[in-house]
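Right, one structure below, let's go through it.
Naming: A, B, ... by sequence-line order, numbering from 1 per chain.
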Amino acid sequence: MKKIIIRAVMALFAVLYLFIHFAPRAHAHEGIDHSGETAQHDILVLGDIEIANAFARATLPNAPVGGGFMTITNTGAEDDRLIGAAADVAGDAQIHEMALDGDIMKMRALEDGIALPAGETVTLAPGGLHIMFMGIEQPFVEGECVEVRLTFEKAGEVGFCMPVAAVAANGADHSSHGSH
Amino acid sequence: MANNPGLKSLRLGLWIAIGVLAVGTGLAALLLPRVSAEPVEAYGAGDYTLVDHDGLSVTQATFASGKPSLVFFGFTHCPEVCPTTLYEMATWLEALGPEGNDLNAFFVTVDPERDTPEMLKAYVTAPTDRVTGVTGEKAEIDKIVSAWHVHAERVALENGDYTMDHTASVFLVGPQGEFQGTIAYREASDTALGKIRNLLAKS
Ligand SMILES: [Cu+2]
């Protein structure tokens, strides 16, 4: 009985969280003023690869690392793979995965990159897959953008300027977890 | 007269009542003192001497100063969890307003070799002026990490760099340093605030 109540409360929080989280975004789409959020609608096409909702998180002073996120869709009939990343502002950019193991956050470099199966979409998002910018020379500032190059096994290389969202942003529209 | 059946059942009823009271009182006497004398866990007990981002000394006593605390173990070369948690701490403190005046907040580095007091200061004070960065000699950080049962493990990355696997929860600590629970990474704001208010109410 206690378990059921706890589960119900957890479910309620989850629903509330999702609602709070996604509601502002939905409103933004309905609204007339789309200024300043064009980036999230930009879709970059490189052969069969489509990159959407790319963003990096703003960094705190003295933080030499930053994370970049996006969704990648392989619209082709053949599997592809994201095998490399680079950025002018960072000494190094690596493809990483992080995950909570209990209450311990673990992060690893993916030496084989990220598989992009034909017809599927892979999401790089906070808490999971990301491009890790290391040795960054100056902070990533919200509202600016970071020049990034990505290399795919088959589709080749693409360069673009990745918009910088808030420090705790979960999307390119600058919406952050909680309020700020 | 003595054999009056009404009186007999009344007497029996009274005896039962006395019996129930006696057993109940006995049980209460056994159980209640234990409840009220719940042991105060000295969490984070250990002999460590660290330094805060202004160069002031930090010891076990810092976390048992008479004020409750939020304590997080992180590092500046942390791409996501640490900045996010710092921002969330700032958000909670802002939401609490004067209610949270008595609350201390600490960001203890698990990467003292790279995190100097100066580096930590700019980092932790960017989102809020309420969080104190803590660093120190590696051996002293090792002591606090084990005293707090925190997981912190150096993991090699490509190109000779490294990262730290680390406990991502925020510790809720009572005014005498007693462990009062944790806030999980990315816990819903309402839940987190509820836990902090609970900590303040108990303090
Ligand atoms: Cu990473």
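- A/Q94 places a side-chain N or O within donor-acceptor distance of the main-chain N or O of B/E158, the cut-off being under 3.5 Å.
- Contact annotation for residues 192-199 of chain B against chain A (heavy-atom separation below 4.5 Å): no residues qualify.
- Interface remark: A/D92 contributes side-chain atoms only to the contact with chain B (heavy atom separation under 4.5 Å).
- Of the listed residues (B/T182, B/V155, B/V81), the greatest number of heavy-atom pairs within a distance under 4.5 Å of chain A belongs to B/V155.
- Taking non-hydrogen atoms and a 4.5 Å limit, the residue list of residues 130-146 of chain B in contact with chain A is empty.
- Using non-hydrogen atoms only and a strict 4.5 Å limit, the part of residues 101-123 of chain B facing chain A consists of B/E118, B/M119, B/A122, B/Y123.
- Using a 4.5 Å heavy-atom cutoff, the side chains of B/R186 and A/N170 are in contact.
- Donor-acceptor pairing under 3.5 Å is lacking for the side chains of B/T163 and A/R108.
- The backbone N or O of A/G127 lies less than 3.5 Å from a partner atom in the side chain of B/E80, making a donor-acceptor pair.
- Between B/Y185 and A/L100 there is a side-chain heavy-atom pair separated by less than 4.5 Å.
- Contact annotation for B/S169: both backbone and side-chain heavy atoms come within less than 4.5 Å of a heavy atom of chain A.
- Both the backbone and the side chain of A/M107 come within less than 4.5 Å of a heavy atom in chain B.
- Applying the disulfide bond (SG atoms under 2.5 Å apart) test to pairs two or more places apart or on separate chains, those with a residue in residues 62-132 of chain B are B/C78-B/C82.
- Side-chain contact between B/L86 and A/L60: present, with at least one pair of heavy atoms (C-beta onward) separated by less than 4.5 Å.
- For the side-chain contact (heavy atoms from CB on, under 4.5 Å) test with B/P79, the passing option among A/H96, A/M98, A/M134 is A/M98; the others fail.
- Residue A/F69 touches chain B through its side chain alone, counting heavy-atom pairs closer than 4.5 Å.
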